[in-house]
Engineer: 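Got a structure for you, questions after.
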Amino acid sequence: MPSHKMAVIAIHGMGSQYRPQGQPASTTPTFSKGLKRRVANRIGADMSHVIWHEVVWAQILQGRQKDYLRKINRSLGYDKLREFVVCNLSDAASYRPTPDDGDKIYDAIHKKIENVMGVVKHQVGHDGPVLILAHSLGGHIMSNYIYDMQRHLRQGGSPVHPTHVENMKTVAGIVTFGCNIPIFLFAYPEKEIFPIMAPNRELPPALRFTTWWHNYYDRHDVLGFPLGKSAPSYAQLAQSRALKDKPINAGKIFTSWNPFSHNGYWTDRDLYEPVAERIKDILAAV
């Protein structure tokens, strides 16, 4: 029997992530700790029905990035700015599929998601609803992961995994914030750009919400963008109300008005309140 009614999957974006000694379980919150606490306070006792996981992929690149920074430490200036470039922009540059089977980082990051979903199936059942919370580059990663699953099925392949939850067919909602999907789309003609299809097709009708993708962005955040204007196909997604772009003011008094707002979403009321409401909606419909 499933131990929980639903799962929340939080995935971080670009940049180094602090991890305690060793490798804690995916159910031990680190980067999403503040968001989980605030959401739990709003939901109350019903939060016991929710299992919360994190997908942590930064360590795949973080060691090499830090090692390189140590090597150049004494020969170059602007150390903090260079650290930002190396530990943030190189994440985006390294995460890409390639035609020569050299996309090891792409596959390694996706394996992290796969491992978490393999645990989730035991906790919410093979058809349990999932809510995805994706920050920054994490939105692009989750979109690609779901897209790859759907493309495989469109091309006539059999399901990659034995359960609907692992095949990302029971995603009741996606919440992206500080999302930078648009900057990865310029390499393709607009007519060849297609977003993911609704990932909720194996959920009962009550859990197939009209708006299943909410995208939050701060106009001061130069790494966060609205999605509806990315391409005609994204515009159609917005026009059908499946996708909703929502501008918010993320961060605190010293960060909400500048680019540092990019990391302010995790504890901002404009994000955690709607996340809590979506969790309540899912629990009520289960």
Engineer: About how many Å separate CG of Asn249 and CG of Asp268, when rounded to the nearest 0.5 Å?
Structural biologist: 7.0 Å
Engineer: Any donor and acceptor pair, going by atom type alone, linking the side chain of Asp270 with main-chain N or O of Pro247 inside 3.5 Å?
Structural biologist: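 No; judged by distance alone, with no hydrogens or angles, the pair does not exist.
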Engineer: Could you walk me through whether Ile181 and Phe225 satisfy the side chain to side chain contact (heavy atoms under 4.5 Å, CB included) test, starting with their C-alpha distance in whole Å, then the side-chain angles of each, then the deciding distance to 0.1 Å, before giving a yes or no?
Structural biologist: CA-CA 8 Å; Ile181 285 177; Phe225 299 89; over 6 Å; no
Engineer: Between CZ of Arg37 and NZ of Lys33, what distance do you get to the nearest 0.5 Å?
Structural biologist: 7.0 Å
Engineer: Group every Ile, Leu, Val, Met, Phe, Trp and Tyr by side-chain heavy-atom contacts under 4.5 Å, then state whether Met197 and Tyr234 land in the same group.
Structural biologist: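 Per the 4.5 Å side-chain linkage, Met197 and Tyr234 are not co-clustered.
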Engineer: Does the side chain of Arg38 come within less than 4.5 Å of Leu271's, by heavy atoms?
Structural biologist: no
Engineer: Do Arg154's NZ or CZ and the ring of Tyr147 fall within the cation-pi criteria of under 6.0 Å and 45°?
Structural biologist: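 Arg154 over Tyr147 ring: yes.
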Engineer: Sorted by first residue and then second, give each ring-ring contact (aromatic ring centres under 6.0 Å, His included) pair with at least one member in residues 266-286; sequence neighbours left out.
Structural biologist: Phe31-Trp266, His135-Trp266, Phe177-Trp266
Engineer: Identify, with sequence neighbours excluded, every residue that meets ring-ring contact (aromatic ring centres under 6.0 Å, His included) alongside His140.
Structural biologist: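 Partners of His140 under the ring-ring contact (aromatic ring centres under 6.0 Å, His included) test: Tyr95, Phe184.
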Engineer: Check whether any side-chain heavy atom of Asn167 lies under 4.5 Å from a side-chain heavy atom of Leu153, and answer yes or no.
Structural biologist: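 Of all side-chain heavy-atom pairs linking Leu153 with Asn167, none is under 4.5 Å.
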Engineer: Quick one: pull up SG in Cys179 and CG in Asp245 and give me the separation to the nearest 0.5 Å.
Structural biologist: 9.0 Å
Engineer: For residues 156-165, dump all side-chain donor-acceptor pairs below 3.5 Å to protein atoms at least two apart in sequence or in another chain.
Structural biologist:
from: Thr163; atom 1: OG1; to: Glu166; atom 2: N; distance (Å): 3.3
from: Thr163; atom 1: OG1; to: Glu166; atom 2: OE1; distance (Å): 2.7
from: His164; atom 1: NE2; to: Glu202; atom 2: OE1; distance (Å): 3.4

Engineer: Verify the distance criterion only: is there a donor paired with an acceptor across the side chains of Thr170 and Asp127 at less than 3.5 Å?
Structural biologist: no
Engineer: Which heavy atom of Ser240 sits nearest a heavy atom of Thr210, and at what distance?
Structural biologist: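 Here Ser240 and Thr210 meet closest at O-CG2, 4.2 Å.
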Engineer: Shortest non-hydrogen contact from Gln150 to Ala198?
Structural biologist: NE2-O, 4.0 Å
Engineer: Can the ring centroids of His12 and Trp57 be said to lie less than 6.0 angstrom from one another?
Structural biologist: yes
Engineer: Can you see which heavy atom on Phe194 is nearest to which on Ser233, and at what distance?
Structural biologist: CA-OG, 3.8 Å
Engineer: Dump the intermediate steps for side chain to side chain contact (heavy atoms under 4.5 Å, CB included) on Met117 and Ile9, then the final yes or no.
Structural biologist: CA-CA 9 Å; Met117 299 310 296; Ile9 310 297; 4.2 Å; yes
Engineer: Drop me the distance from Ile60's CD1 to Ile109's CD1, to the nearest 0.5 angstrom.
Structural biologist: 5.0 Å
Engineer: If you define the side chain from C-beta out and look only at heavy atoms, does anything of Ser136 sit under 4.5 Å from Asn180?
Structural biologist: yes
Engineer: Apply side chain to side chain contact (heavy atoms under 4.5 Å, CB included) to the pair Met168 and Ile196, showing each step before the final yes or no.
Structural biologist: CA-CA 11 Å; Met168 310 307 281; Ile196 58 174; over 6 Å; no
Engineer: I want to check something: taking the side chain as every heavy atom from C-beta on, are Met149 and Lys169 in contact at a cut-off of under 4.5 Å?
Structural biologist: no
Engineer: Please confirm whether the backbone N or O of His220 pairs with a side-chain atom of Asp218, one donor and one acceptor, at under 3.5 Å?
Structural biologist: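 Checked: pair present.
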Engineer: Salt-bridge test for Lys104 and Asp107: reply yes if a basic N is under 4.0 Å from a carboxylate O, no otherwise.
Structural biologist: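 No salt bridge links Lys104 with Asp107.
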Engineer: Show me the side-chain donor-acceptor pairs of residues 276-286 shorter than 3.5 Å, one per line, residues at least two apart or across chains.
Structural biologist:
from: Glu277; atom 1: OE2; to: Lys280; atom 2: NZ; distance (Å): 3.4
from: Arg278; atom 1: NH1; to: Thr211; atom 2: O; distance (Å): 3.2

Engineer: Would a distance-only check, ignoring hydrogens and angles, find a side-chain to backbone donor-acceptor pair under 3.5 Å from Ser26 to His53?
Structural biologist: no
Engineer: Name the orientation class of the two ring planes belonging to Tyr216 and His214 (parallel below 30°, tilted from 30 to 60°, perpendicular beyond 60°).
Structural biologist: parallel
Engineer: Starting at CG of Asn215, measure out to NZ of Lys246 and round the result to the nearest 0.5 Å.
Structural biologist: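 Between Asn215 CG and Lys246 NZ, I get 12.5 Å after rounding to 0.5 Å.
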Engineer: For the side-chain contact (heavy atoms from CB on, under 4.5 Å) test, which of Pro182, Pro195, Ser143 pairs with Leu227?
Structural biologist: Pro182
Engineer: Of all the heavy-atom pairs spanning Pro29 and Lys36, show the shortest one and how long it is.
Structural biologist: CG-CD, 4.1 Å
Engineer: Following the transitive rule for hydrophobic clusters with a side-chain heavy-atom cut-off under 4.5 Å over Ile, Leu, Val, Met, Phe, Trp and Tyr, establish whether Val119 and Val8 coincide in one cluster.
Structural biologist: no
Engineer: For Leu237 and Trp212, run side chain to side chain contact (heavy atoms under 4.5 Å, CB included): C-alpha distance rounded to whole Å, both residues' side-chain angles, the deciding distance at 0.1 Å, then the answer.
Structural biologist: CA-CA 10 Å; Leu237 206 62; Trp212 48 265; 4.1 Å; yes
Engineer: Are the side chain of Arg208 and the backbone of Leu203 linked by a donor-acceptor contact shorter than 3.5 Å?
Structural biologist: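 Between the backbone of Leu203 and the side chain of Arg208 there is a qualifying donor-acceptor contact (under 3.5 Å).
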Engineer: Would you say Tyr106 and Asp148 are linked by a side-chain donor-acceptor pair, where the criterion is simply a distance under 3.5 Å?
Structural biologist: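 There is such a pair between these side chains.
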Engineer: Do Val222 and Met14 sit in the same hydrophobic cluster, where Ile, Leu, Val, Met, Phe, Trp and Tyr count as joined when their side-chain heavy atoms come under 4.5 Å apart?
Structural biologist: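 Same cluster.
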Engineer: Are side-chain heavy atoms of Ile132 and Ile146 found at a separation under 4.5 Å?
Structural biologist: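 Result yes, sub-4.5 Å side-chain heavy-atom pair found.
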Engineer: So which atom in Ser230 and which in Leu185 form the shortest heavy-atom distance, rounded to 0.1 Å?
Structural biologist: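 Shortest heavy-atom contact: CB-CD1, 3.8 Å.
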Engineer: Give me the atom names and distance for the closest heavy-atom approach of His4 to Ser48.
Structural biologist: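 In terms of heavy atoms, the two residues are closest at CD2-O, 3.4 Å.
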Engineer: Do any pairs count as a salt bridge (charged side-chain N to carboxylate O under 4.0 Å, His left out) and have a residue in residues 223-235, sequence neighbours left out, and if so which ones?
Structural biologist: none
Engineer: Supply the atom-to-atom distance His122 NE2 to Ile51 CD1, rounded to the nearest 0.5 angstrom.
Structural biologist: 13.0 Å
Engineer: Output every pair passing salt bridge (charged side-chain N to carboxylate O under 4.0 Å, His left out) with a member in residues 176-198, not counting sequence neighbours, ordered by first then second residue.
Structural biologist: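 Residue pairs with at least one partner in residues 176-198: there are none.
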Engineer: Do Met47 and Val50 come within less than 4.5 Å of each other through their side chains, counting heavy atoms only?
Structural biologist: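 Answer yes - side chains close enough.
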